[in-house]
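Within every chain, numbering begins at 1; the chains are lettered A, B, ... in the order of the sequence lines, protein sequences first and strands thereafter. Since the structure is predicted, the reported quantities are computational estimates derived from the model, not experimental observations.
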There are 2 protein chains.
Amino acid sequence: MASNKILIAQGGGPTAVINQSLVGAILEARRFREIDLVYGARHGVRGIVNEDFVNLTQETVANLERVAVTPASALGSTRDKPDIKYCQEIFKVLQAHEIAQFFYIGGNDSSDTVRIVSEEARKVGYPLRSMHIPKTIDNDLVGNDHTPGFPSAARFVVQAFAGANLDNAALPGVYVGVVMGRHAGFLTAAAALARKYPDDGPHLIYVPERTFILDKFLADVKATYERLGRCIVAVSEGIHDESGEPIATKLAGSVERDAHGNVQLSGTGALADLLCDEIKGKLKIKRVRGDTFGYLQRSFLGCVSDVDQREAREAGERAVQFAMWSGRDGSVAIKRTGAYASNFELVDLESVAGKTRVMEDDLIAKSGTDVTDAFTHYLQPLLGGGMPEAHRLRAPSVKKVLNR
Amino acid sequence: MASNKILIAQGGGPTAVINQSLVGAILEARRFREIDLVYGARHGVRGIVNEDFVNLTQETVANLERVAVTPASALGSTRDKPDIKYCQEIFKVLQAHEIAQFFYIGGNDSSDTVRIVSEEARKVGYPLRSMHIPKTIDNDLVGNDHTPGFPSAARFVVQAFAGANLDNAALPGVYVGVVMGRHAGFLTAAAALARKYPDDGPHLIYVPERTFILDKFLADVKATYERLGRCIVAVSEGIHDESGEPIATKLAGSVERDAHGNVQLSGTGALADLLCDEIKGKLKIKRVRGDTFGYLQRSFLGCVSDVDQREAREAGERAVQFAMWSGRDGSVAIKRTGAYASNFELVDLESVAGKTRVMEDDLIAKSGTDVTDAFTHYLQPLLGGGMPEAHRLRAPSVKKVLNR
């Protein structure tokens with residue numbers, strides 16, 4: 001087998017910088033005379049089993065650089081989660097095309113796919129190099145300080161809450177913003193960095209790492225509203241009760257099912273609406289508004305962290321270097337080496353694959369509704385430069401004439 | 001009465017540039033030696049009747065310039081829609097504080113307030129100069145080419161749909177984005193400018209200027225999905241049936257009411273969710289996602305059109321100039337004078353107050369689900385510079401080996 005062909009694919013949810021990793025890997029691969037051809041699979045593992053490949057060797061650097069700054073997976077993605085049989089199909093296609101190196105950019109499911117493919121190759125003695133390049137806005141890959149894609153999504157969340165806070169200060173009421181994150185609360189917690197002045201929101205933050213108790217939530221909102229005349233809440237879509245049941249399902253239990261027999265809870269505005277209904281109904285607050293950040297938080301064109309861009313790019317470059325020089329398969333992991341500086345290590349696929357990192361205890365405040373300074377220090381440098389800032393009037397009050 | 005005191009207030013929904021108008025008016029007023037004091041009312045007309053004023057004369061230029069680039073009403077806003085009695089209260093306070101000029105930055109409701117206050121002053125012969133400064137993301141003020149605030153919100157909508165289109169191309173399915181606009185479809189129509197390549201979304205656009213027929217909508221989505229394997233839809237929150245009943249209310253009729261006896265339809269994700277349910281249920285398409293852009297489209301920190309910023313600033317400056325030199329009350333209106341250039345005119349309050357502009361027929365395609373080139377040419381220059389762009393890979397396909 002001629003060891004001159006490599007294959008790259010993108011899996012899972014798109015991010016603002018996943019194409020940086022793709023382009024980093026492509027351009028770095030071109031530096032090596034051992035590599036003649038760089039293939040890309042369209043729509044992740046689905047494209048591999050369908051042999052739906054494009055020849056990235058023929059892409060110009062000019063166009064690759066434009067694609068690098070474009071969000072969402074340029075090769076297309078997939079939600080397929082391959083089992084062993086599926087991975088055997090993948091491996092069969094890799095063999096047929098004499099692929100020497102396989103790079104999969106994705107989250108923990110994708111790393112698990114790489115792990116199984118790596119094992120299949122080893123079993124039959126096929127000299128395949130299998131590399132996982134990290135990506136996820138959820139920041140839930142173990143062994144990584146953080147994952148490419150998370151900082152840009154966090155920046156969106158910060159800018160969204162900073163703006164919602166200003167809007168809510170102008171027209172006071174309760175605002176509930178629901179943020180992605182089923183198990184890990186990092187992205188929701190990022191909302192904390194939207195605050196500048198002591199009375200800025202979000203005033204309450206609920207992450208899936210802590211049990212959500214509805215009565216406690218209502219009491220928290222009530223207390224904040226009474227203190228400030230307004231209240232901004234950041235909520236993870238994954239909040240759940242002590243038994244692990246998602247709050248969205250739980251609250252939906254009190255409403256009737258729709259014409260099709262079910263209430264949509266994921267990828268919909270249901271959780272925000274249900275929490276707003278509870279606040280209106282039980283606290284008798286009139287102006288209560290809910291937003292579900294939905295796909296905007298991961299796809300909005302033009303909201304990106306330059307730190308995230310650089311790191312995602314380098315993760316792709318490093319993956320190729322590790323493939324060429326390390327002599328082993330693995331997952332590229334970001335390590336923090338300074339304040340702020342980072343470097344990349346190759347870690348075992350087994351240590352990452354299928355595992356889920358959640359927020360460490362020292363990042364969540366004792367109240368359970370805020371983050372600690374440790375979290376702020378952790379996230380701040382990742383958000384990147386040029387962050388827009390909010391400012392206030394400081395004009396003194398005028399004495400009343402009529403109503404003294 | 002010493003004609004040396006002016007009062008400025010902000011009403012209605014905040015925008016990305018309403019503080020530009022505020023700061024434009026304050027700084028321009030300071031140029032006139034006839035003006036000694038610049039007051040601001042906190043939370044619009046509510047702050048006037050409560051005599052809740054701040055002395056903006058004491059604000060530094062440095063801070064005012066920072067506030068100008070901060071979104072949302074820095075003075076605070078209100079949803080109060082004053083009737084004649086309320087306006088008499090306003091006028092009483094203006095008299096008590098010897099206000100010579102009253103500036104209200106807002107939409108058509110606010111212009112109606114200015115009109116009534118102006119009349120009250122005239123009735124009793126009080127020499128008050130009353131000026132309305134336009135603002136609304138809905139772009140629904142008559143007599144204006146467009147209104148400050150709309151271009152920045154339109155820019156958000158464009159960037160959101162451009163990103164959603166990329167995400168949807170990576171993970172194909174149906175995506176429904178619900179945009180603000182109860183009567184005027186301008187902001188929803190802006191989604192059209194997210195398109196770059198011929199198969200880019202949004203593929204269907206529904207504005208309140210056209211009757212929404214559910215069966216037609218489902219047939220449109222089906223046809224697009226069969227043609228492209230995906231479909232992106234932009235929908236105004238204000239879509240309604242032939243009788244004028246909002247679709248949100250209509251569809252909600254098929255689901256049960258919640259524990260509090262009602263289904264929330266405004267400021268919630270309900271419409272997107274209901275439309276998605278229809279698509280899933282009737283078209284049997286599996287991946288259907290809905291986002292409601294909610295408050296993000298008007299409050300997101302860091303998404304602004306520089307053209308909008310400049311015009312909003314100048315609208316505030318012009319309002320003061322008109323107040324000093326025109327000898328009459330009125331509303332400042334933006335007129336287009338070139339491709340692209342604009343100027344400001346003072347129009348009668350009666351011609352703007354309480355009236356609603358909707359999209360002109362020549363801006364909507366005959367299909368009723370798209371815009372015309374005229375709309376694209378109208379909106380393009382308003383979006384401002386530095387708009388992020390999306391790019392695609394152009395790599396050729398690789399021949400199949402196994403599945404020839």
Side-chain angles (χ1 to χ4, degrees), chain A residues 14 39 51 53-56 58-59 63 66-67 70-74 76-77 93 96-97 159-160 162-164 166-167 170-171 254-256 258-260 264 267-270 272-273 277 281 289-292 294-296 299-302 388 390-391 393-398 400-403, chain B residues 14 39 51 53-56 58-59 63 66-67 70-74 76-77 93 96-97 159-160 162-164 166-167 170-171 254-256 258-260 264 267-270 272-273 277 281 289-292 294-296 299-302 388 390-391 393-398 400-403:
Chain A
Y39 283 1
E51 284 191 83
F53 295 159
V54 291
N55 186 351
L56 295 167
Q58 296 185 31
E59 279 288 349
N63 194 51
R66 290 194 295 261
V67 168
T70 302
S73 316
S77 192
V93 176
H97 282 268
Q159 292 183 222
L166 292 166
D167 199 283
L171 288 172
S254 68
V255 303
E256 294 298 317
D258 70 13
H260 316 298
Q264 294 304 324
T268 76
D273 292 353
D277 283 351
R289 300 288 185 267
D291 276 342
T292 303
Y295 289 85
L296 300 186
S299 73
F300 191 78
L301 182 68
H391 298 273
L393 291 171
R394 300 172 306 195
S397 292
V398 173
K400 292 179 193 253
V401 172
L402 286 175
N403 309 303
Chain B
Y39 283 1
E51 285 190 84
F53 296 159
V54 291
N55 186 352
L56 295 167
Q58 297 185 30
E59 278 289 348
N63 194 49
R66 291 193 296 260
V67 168
T70 301
S73 316
S77 191
V93 177
H97 282 267
Q159 291 183 221
L166 292 166
D167 199 282
L171 288 171
S254 68
V255 303
E256 294 297 319
D258 69 14
H260 316 300
Q264 294 303 324
T268 76
D273 291 353
D277 284 351
R289 300 287 186 268
D291 276 342
T292 303
Y295 289 84
L296 300 185
S299 72
F300 191 78
L301 182 68
H391 297 274
L393 290 172
R394 301 173 304 197
S397 291
V398 172
K400 290 178 193 255
V401 172
L402 287 175
N403 309 303

Any donor and acceptor pair, going by atom type alone, linking the side chain of [X] with main-chain N or O of [Y] inside 3.5 Å?
X: A:Gln58; Y: B:Ala395; result: no
X: B:Asp291; Y: A:Tyr295; result: yes
X: B:Asp273; Y: A:Gly269; result: yes

Q) If you look at every heavy atom in B:His97 and A:Val398, which pair is closest and at what distance? A) CE1-CG1, 4.4 Å

Q. Minimum heavy-atom separation for B:Val67 to A:Leu393, with atom names?
A.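 Heavy atoms only, the tightest pair is CG2-N, 3.8 Å.
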
Q) In Å and rounded to the nearest 0.5 Å, what is the OG1 to NE2 distance from A:Thr70 to B:His391? A) 5.0 Å

Q.
If the condition is side chain to side chain donor-acceptor pair (under 3.5 Å), which residues does A:Asn63 pass it with, not counting sequence neighbours?
A. A:Glu59, A:Arg66

Below 4.5 Å, heavy-atom pairs only: which of [options] has the largest tally toward chain B?
options: A:Gly163, A:Gly76, A:Ser73; result: A:Gly163
options: A:Ser397, A:Pro388, A:Pro14, A:Ala170; result: A:Ala170
options: A:Gly294, A:Ala72, A:Ser77; result: A:Ser77
options: A:Leu166, A:Asp167, A:Leu56; result: A:Asp167

Q) How would you list, by chain and number, every residue that makes a side chain to side chain contact (heavy atoms under 4.5 Å, CB included) with B:Ala160, sequence neighbours excluded? A)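 Side chain to side chain contact (heavy atoms under 4.5 Å, CB included) check on B:Ala160 returns A:Leu296, A:Phe300, B:Phe156, B:Phe293.
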
Q) Of the listed residues (B:Pro396, B:Pro71, B:Ala74, B:Ala164), which shares the most heavy-atom pairs with chain A below a 4.5 Å separation? A)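 Most pairs with chain A among the choices: B:Pro396.
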
